[in-house]
Student: 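Just dropping this structure here.
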Amino acid sequence: LLFSAVAFVLNNSFSTDKWVSEPELRTRIADDLLNNYELAGKAEEEIIVLLGKNDNDDGYFNVDNRYMSWLGPERGFISIDSEWLIINFVDGRVSEYNLITD
């Protein structure tokens, strides 16, 4: 049972490598990212190093000075929506960030 708990925590731990190379895990690791990494005030370049390519280029929720990352299908039993991490910048620094659904 302890091994299962440790495996669950490790599988849900954020890492840049997991975020970039295994996007299907993003909904599982997004909470760890937001709980353990201070995003507020980071420079846009730091966010790109941490999270990789900006999905905002795809046009959905397209706004200037915004970084967004598709997390996957909305968490829950039945979902037709997607979850997104939205990060807004003011003067090149993170001003706010949220998980949203479409």
Student: Do side-chain atoms of N54 reach the backbone of R66 as a donor and acceptor pair under 3.5 angstrom?
Tutor: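 Pair found, side chain donor or acceptor close to backbone of R66.
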Student: Report yes or no: does N98 contribute a side-chain atom to a donor-acceptor pair with the main-chain N or O of I86 at less than 3.5 Å?
Tutor: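 Pair absent, no side-chain N/O of N98 close to backbone of I86.
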Student: Enumerate the residue pairs fulfilling ring-ring contact (aromatic ring centres under 6.0 Å, His included) with a member in residues 18-39, sequence neighbours excluded, ordered by first and then second residue.
Tutor: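 Output for this query lists F14-W19, F14-Y37.
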Student: Under 3.5 Å, is there a donor on one side chain and an acceptor on the other for D32 and N36?
Tutor: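 A pair is found: one side chain offers a donor N or O, the other an acceptor, under 3.5 Å apart.
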Student: Just checking D91: does its CG atom have more than 12 heavy atoms from other residues, nucleotides or ligands closer to it than 6.0 angstrom?
Tutor: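 Atom CG in D91 is not packed in, count stays at 12 or less.
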Student: Atom CG of D64 and atom CG of N88: how far apart are they, to the nearest 0.5 Å?
Tutor: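 Here the interatomic distance stands at 11.0 Å.
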Student: Give, for atom CZ of R93 and atom CD of E45, the distance between the pair rounded to the nearest 0.5 Å.
Tutor: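 Rounded to the nearest 0.5 Å, the CZ-CD separation comes out at 8.0 Å.
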Student: Nearest heavy-atom pair of L71 and R26: which atoms, and what distance?
Tutor: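 That closest heavy-atom pairing would be O-CB, 3.5 Å.
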Student: Going by side chain to side chain contact (heavy atoms under 4.5 Å, CB included), name the residues that satisfy it together with D17, two or more places apart in sequence or in a different chain.
Tutor: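 Residues passing side chain to side chain contact (heavy atoms under 4.5 Å, CB included) with D17: S15, S21.
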Student: Is the backbone of T27 close enough, under 3.5 Å, to the side chain of R75 for a donor and an acceptor to pair up by distance?
Tutor: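 A pair under 3.5 Å: yes.
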Student: Indicate, with yes or no, if V94 and I48 share a hydrophobic cluster defined by side-chain heavy-atom contacts under 4.5 Å among Ile, Leu, Val, Met, Phe, Trp and Tyr.
Tutor: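 Yes, one cluster joins them.
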Student: Exactly one of I100, I80, D81 should register a side chain to side chain contact (heavy atoms under 4.5 Å, CB included) with E74. Which one does?
Tutor: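 By the side chain to side chain contact (heavy atoms under 4.5 Å, CB included) criterion, E74 pairs with just one of I100, I80, D81: D81.
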Student: CD/E22 to CZ/R28 distance, rounded to the nearest 0.5 angstrom?
Tutor: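 Going from the CD atom of E22 to the CZ atom of R28 covers 9.0 Å.
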Student: Test of understanding: with side chain to side chain contact (heavy atoms under 4.5 Å, CB included), list the residues that count as partners of L34, not counting sequence neighbours.
Tutor: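 Expected list: L39, L85, Y97, L99.
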Student: Out of curiosity, L50 CG to K42 NZ, how far, rounded to the nearest 0.5 Å?
Tutor: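 One finds 7.0 Å between CG of L50 and NZ of K42.
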Student: Does P23 reach the side chain of W70, with side-chain heavy atoms less than 4.5 Å apart?
Tutor: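 They are not in side-chain contact.
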Student: Establish whether L51 and V49 are linked, either directly or via other cluster members, by ILVMFWY side-chain heavy-atom contacts under 4.5 Å.
Tutor: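 No; tracing contacts between hydrophobic side chains, which count when under 4.5 Å, never links both residues.
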